[in-house]
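Below is one structure; the comments refer to it alone.
So that the names make sense, note that chain A is the first sequence line, chain B the second, and so on, each numbered from 1.
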Amino acid sequence: MINRNVVTRFAPSPTGYMHIGNLRTALYSYLIAKHSDGTFILRIEDTDRERLVEGATDVIIDTLKVTGLRYDEGPGVGGANGPYIQSERKEIYLRYAKELVERGAAYYCFCSKERLESLHEEDGVGGGYDRHCRDLPKEEVEANLKAGIPYVIRQKIPLEGTTTYEDAVFGTISTENKELQDQILMKADGYPTYNFCHVVDDHLMGVTHVVRGSEYLTSTPKYALLYDAFGWQRPVFVHLPLLMGRGEDGTVSKLSKRHGAVSFADLCADGYMPEAIVNYIALLGWCPKNTENEFFTLDELTKAFSLDGINKSPSVFDYEKLLWFNGEYIRKLTPEEFKERALPFISNPPMDKLDRILPLVQPRIGKLSEIDGKIAFFSALPDYDAAELFQNKKNKVTPDVARDMLSGIVSALSGVFEWNNDALYAALTAYAEQSGIKSGAVLFVARAAVSGLSVTPGGATEIMEILGKDETLARLQIAAERLG
RNA sequence: GGCCCGUUGGUCAAGAGGUUAAGACACCGCCCUUUCACGGCAGUAACGGGAGUUCGAUUCUCCCACGGGUCACCA
């Protein structure tokens, strides 16, 4: 076997959003190519004219850009085998389809949609096409063509025998030809179907490894037959295990919109970072060898990736683990990086205090969208029920205890000249000691009064330092009033 | 329903005939602690079932069950 340069492609149809399963396919495709220093191609499969979505190609290109999956050939980049948008290659396909007809591996079909529909009704599930036009006399075909009767071109599947191919992940896949349909290659509107044009393009573009989801496992024999009919070398087929989602009823199925945020854009908008997403999905269906490390940059993935680490069984997309990964990535950010990422997620950023607030939340969140809710109290004291807030079993705090404590806290604070965390902490613990109260209780009351919350990012004195003396005192005053 | 594929803890997964069956997330507990997190330590929890092959099967074979995928002028 000659060591060919590895060429892979990512060939999505422009649907308007980048499904996370598609992104993983793109990632694996990229990794397979780049691990061998090969070529990664982006090709847009837009032959379904009825489902065209405006701007959808940009979504794909943007996603590849922010995830770092740089392609060597494709829209906007060019390459020797372009164009890379199938609608711009339309005339190529008819030419090849006709060649297939001449080779006896395809045929014209003039059946109306109505006839096909009635076929479906008769046979129920799996009935399929009855091959009515498969052996039409040449003269009739010519006549129909001349008469302008709409036609499609179908693949002429052998009636007997089996078709076998080797999949790099699943091994030998064998299918009896009688299970295969005479699928449509060219549609009546002159556009090819996926089933046809992807084979032509993959060959023309020199793709050596066809990487795609395992939903194509059962239709690949038909594609293999196409390669054979043309006399082309079959590529290495790499089918990836499916990404699954768990529905509300507990069942798992192919990850889709009903499972929640499944597009890359959705996840980003929800505060997940691209690096974390890429890292996480790389590990869904693939496992690195000889390491227990789970953290990988794209470059590290490229080095570590290997075909034999790919799993066969489908994996359930786990938002909990993604959240953990994302939190880890957030914690690794420098304060500057974190600020930059966080800003878009803060609705009314208190710019003057932000540099002191952000370090408090950075270790405490799993995704960036959690920030807003955690820091809102710095800008505005939330409304609270004092009877409820000033209850803490562990520190034996009740509203009555809190009321007695507040004046002590205020006077302790009045002696603080350097308004910083250390001085505040010293003052409050000194007060606790003097009055024989557990410092935890004092700090709890102080923190609750100053934040209006029982759970906060940062401790009492950290919050006070950021709030400043005036605001702190004002909030303590409000607490005293609410406690009556 | 036919065909194809899969099946190790709740989830992601390692394992390649002999292992105390890794590790991670989640969960639980403890420690740290100025709440909550972070961090540290520990714990609960798995080879779908049945036949074979073998001295020995989670690992190989077959059957069954279950799960998934696929059967379009969608990709």
- What class does the angle between the rings of A:Tyr108 and A:Phe110 fall in, given that below 30° is parallel, 30 to 60° is tilted and above 60° is perpendicular?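 Geometry flag for A:Phe110 against A:Tyr108: parallel rings.
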
Looking at [N], which nucleotide sits across from it as a Watson-Crick or G-U wobble partner, both distances under 3.5 angstrom, or is there none?
N      : result
B:rU33 : none
B:rA21 : none
B:rU7  : B:rA65
B:rG1  : B:rC71

- Task: For B:rU20 and B:rC5, measure between their P atoms and round to the nearest Å.
- Result: 35 Å

- Query: Does a side chain donor of either A:Asp182 or A:Tyr107 reach within less than 3.5 Å of an acceptor in the other side chain?
  - Reply: yes

- Under 3.5 Å side-chain donor-acceptor pair for A:Glu166 and A:Thr172: yes

Would you say a side-chain N or O of [X] is under 4.0 Å from OP1 or OP2 of [N]?
X        : N      : value
A:Asn195 : B:rA72 : no
A:Thr429 : B:rU34 : no
A:Tyr425 : B:rU34 : yes
A:Thr15  : B:rA75 : no
A:Lys254 : B:rU70 : yes
A:Lys187 : B:rC74 : yes

- Item | Between P of B:rA72 and CG of A:Leu185, the distance in whole Å | 15 Å

- Query: Is a donor-acceptor pair below 3.5 Å formed from side chain A:Arg364 to base B:rC38, judging by atom type as modelled?
  - Reply: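 Looking at the base of B:rC38, it does not pair with any donor or acceptor on the side chain of A:Arg364 (distance under 3.5 Å).
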
- If you take all heavy atoms of A:Arg475 and A:Leu381, which pair is closest and at what distance?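 What the structure gives for the nearest pair is NH2-N, 3.5 Å.
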
With a 4.0 Å cut-off on heavy atoms, is [X] in touch with a base, just the backbone sugar-phosphate, or nothing at all?
X        : value
A:Met186 : nothing
A:Thr456 : base
A:Ser253 : sugar-phosphate
A:Phe170 : sugar-phosphate

- Check whether NZ of the Lys or CZ of the Arg A:Lys394 lies under 6.0 Å from the centre of the six-membered ring of A:Phe444 and within 45 degrees of that ring's axis.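 Here A:Lys394 fails the 6.0 Å and 45° test against A:Phe444.
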
- Mapping A:Ile173 and A:Val252 onto RNA chain B by nearest heavy atom, which one lands closer to the 5' end? A:Ile173

- Earlier contact from the 5' end, RNA chain B, for A:Ser454 and A:Thr172: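 The answer here is A:Thr172.
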
